[in-house]
Amino acid sequence: MERFRLDGRVALVTGASAGLGARFARVLDEAGASVVLVARRAERLEALAADLRDAVVAPGDLADPVQRAATVAVALERFGRVDVLVNNAGISDGPQRAETEDPADFALAVEVNLVAAFHLARLVAPGMIERGGGSIVNVTSVHGLVASSPNRQAGYVASKTGLVGLTRELACQWATAGVRVNAIAPGYFATDLTDEMIATDSGREWIERNTPMRRVGAEDELDGALLFLASDASTYVTGQTIAVDGGWTAR
């Protein structure tokens, strides 16, 4: 079990103000990591940091390249390194039909979900390469593996699919340097993006009907995949996307 520990390591988690990101931060903290919390809502980050052992808040809008760089600068100033990057922040451009969608909405989803993940990986990779190791965990979606129909969110699906491809590419580029790049593809969990859908009887019933396990994912059911990929438990795993989806993509 020691291989799952992260003592002495520094993890940067984006989208950490709520939902899966806040949960990821708590899990990494419990595994021994110092955690850098990144999101737009500074007050929520401060409240979360107060509950963790050793955390620093780095507020920022990941749609802005300058603010992305600033969050990494906070991590380096406080801890001098980033050993684990969790690219969790994401937005949706749905629900709207592609033929009437404003291209700006599509572009914003791609910027936050895909370009920001690349940029942050690019910023932390040199230090990881210099030290001979590190782990990048991209949080994609089952809709990075299959379409979201009947939901309509072209930018979200395109960006999350792109993130799966980026995961493979960066994994191969950095494999000999000891930097592993993998992804988690969650199915339907309660998050800011899905709360409204899950709250309705019709939405929850649709999810349950189309998920082989017939339920929404529980908050703690991503913990194992995250710790496996972030830690030395997966030292021979890179370029992979693990679907944690109750069987959604197995249908």
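Keep in mind that the numbers below use all heavy atoms, side chains included, and drop hydrogens, waters and symmetry copies.
In terms of hydrophobic clustering, with Ile, Leu, Val, Met, Phe, Trp and Tyr side chains grouped at heavy-atom distances under 4.5 Å, Tyr188 and Leu222 are assigned to different clusters. Connection of Leu20 to Phe228 is established within a shared hydrophobic cluster, with ILVMFWY side chains joined at heavy-atom distances below 4.5 Å, either directly or through further cluster members. A continuous path of Ile, Leu, Val, Met, Phe, Trp and Tyr side chains, each step under 4.5 Å between heavy atoms, connects Val10 with Val181, placing both in one hydrophobic cluster. Under the 4.5 Å side-chain heavy-atom criterion for ILVMFWY residues, no single connected hydrophobic cluster contains both Leu37 and Val74. Residues Val237 and Phe4 share a hydrophobic cluster, clusters being chains of Ile/Leu/Val/Met/Phe/Trp/Tyr side chains in contact below 4.5 Å.
Both tests pass for Arg251 against the ring of Trp248: distance under 6.0 Å to the centre and angle within 45° of the axis.
In this structure, the side chain of Asn88 does not engage the main chain of Val139 through any donor-acceptor pair within 3.5 Å. In this structure, Arg168 contributes its side chain and Gln240 its backbone to no donor-acceptor pair below 3.5 Å. Counting only distance, with no hydrogens or angles, the side chain of Thr14 and the backbone of Ala89 share a donor-acceptor pair below 3.5 Å. A donor-acceptor pair under 3.5 Å is formed between the side chain of Ser92 and the backbone N or O of Gly94.
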Please assess Asn138 against Thr167 for the test side chain to side chain donor-acceptor pair (under 3.5 Å), listing each intermediate value before the final yes or no. CA-CA 7 Å; Asn138 295 320; Thr167 296; 2.9 Å; yes
Given Asp105 and Gln96, is the side chain to side chain contact (heavy atoms under 4.5 Å, CB included) satisfied, shown in steps? CA-CA 10 Å; Asp105 293 340; Gln96 51 186 320; 3.4 Å; yes
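At least one side-chain heavy atom of Asp51 sits less than 4.5 Å from a side-chain heavy atom of Arg26. Within the 4.5 Å cutoff, no side-chain heavy atoms of Val142 are placed close to those of Pro186. In this structure, the side chains of Arg180 and Ser234 come closer than 4.5 Å at one or more pairs of heavy atoms. The shortest side-chain heavy-atom distance between Phe189 and Ile198 does not fall under the 4.5 Å cut-off. Side-chain contact between Asn182 and Ile242 is absent, with no heavy-atom pair separated by less than 4.5 Å. Side-chain contact check for Leu85 versus Val137: every heavy-atom pair is 4.5 Å or farther apart. Annotation: side chain of Phe106 is not in contact with side chain of Tyr156 (no heavy-atom distance under 4.5 Å). Side-chain atoms of Asp83 and Met128, non-hydrogen and from C-beta on, never get closer than 4.5 Å to each other.
Gly155 and Ala109 get closest at one heavy-atom pair: C-CB, 3.9 Å. Closest heavy-atom contact between Leu170 and Ala121: CD1-CB, 4.0 Å. Taking all atoms of both residues into account, the shortest heavy-atom contact from Phe24 to Leu226 is CD2-CD2, 3.5 Å. Pairing each heavy atom of Ala16 with each of Ala39, the nearest pair is N-CB, 3.9 Å. Between Ser159 and Asn113, the shortest heavy-atom contact is OG-ND2, 3.1 Å. Considering all non-hydrogen atoms of both residues, Gly162 and Leu114 come closest at C-CD1, 3.6 Å.
Atom CG of Asp220 sits in a crowded spot, with more than 12 heavy atoms from other residues, nucleotides or ligands closer than 6.0 Å. More than 12 non-hydrogen atoms from other residues, nucleotides or ligands lie less than 6.0 angstrom from CZ of Arg152. In this structure, Arg131 places its CZ atom where more than 12 heavy-atom neighbours from other residues, nucleotides or ligands lie under 6.0 Å away. Annotation for Glu196: atom CD does not count as buried by contact number, only 12 or fewer foreign heavy atoms lying within 6.0 Å.
Scored by the side-chain contact (heavy atoms from CB on, under 4.5 Å) test, Ala75 finds Leu12, Val36, Val82 as partners (sequence neighbours excluded). Residues passing the side-chain contact (heavy atoms from CB on, under 4.5 Å) test with Ser148, sequence neighbours excluded: His143, Asn151, Gln153, Val157. Looking at residues two or more places apart in sequence or on another chain, you find a side-chain contact (heavy atoms from CB on, under 4.5 Å) between Thr140 and Lys160, Leu163, Val164, Ala183, Ala185, Thr241. With sequence neighbours excluded, the residues forming a side-chain contact (heavy atoms from CB on, under 4.5 Å) with Arg78 are Asp54, Val56, listed by chain and number. Remark: Glu219 engages Arg23 in a salt bridge (charged side-chain N to carboxylate O under 4.0 Å, His left out) (not counting sequence neighbours).
Members clustered with Leu108: Ile91, Val112, by chain and number, using a 4.5 Å side-chain heavy-atom cutoff among hydrophobic residues.
Among Leu76, Val72, Thr71, the one residue that satisfies the side-chain contact (heavy atoms from CB on, under 4.5 Å) test with Leu123 is Val72. Across Val27, Leu227, Asp29, Val35, a single residue satisfies side-chain contact (heavy atoms from CB on, under 4.5 Å) together with Leu6, and that is Leu227.
Under a 4.0 Å N-O distance rule, the pair Asp232/Arg5 does not qualify as a salt bridge. In this structure, Arg68 does not pair ionically with Asp61, as no charged nitrogen and carboxylate oxygen lie closer than 4.0 Å. Taking a cutoff of 4.0 Å between a charged side-chain nitrogen and a carboxylate oxygen, Glu221 and Arg215 qualify as a salt bridge. Under 4.0 Å is where a charged nitrogen must lie from a carboxylate oxygen, and between Arg204 and Glu208 at least one such pair does. The residues Arg41 and Glu46 are annotated as not salt-bridged, no charged nitrogen and carboxylate oxygen being separated by less than 4.0 angstrom.
Side-chain polar atoms of Ser34 and Arg9 form no donor-acceptor pair below 3.5 angstrom.
Distance check, rounded to the nearest 0.5 Å: OG1 of Thr238 to CG of Leu229 gives 9.5 Å. Of the inter-residue distances, the one linking Arg3 atom CZ with Met1 atom CE reads 12.0 Å to the nearest 0.5 angstrom.
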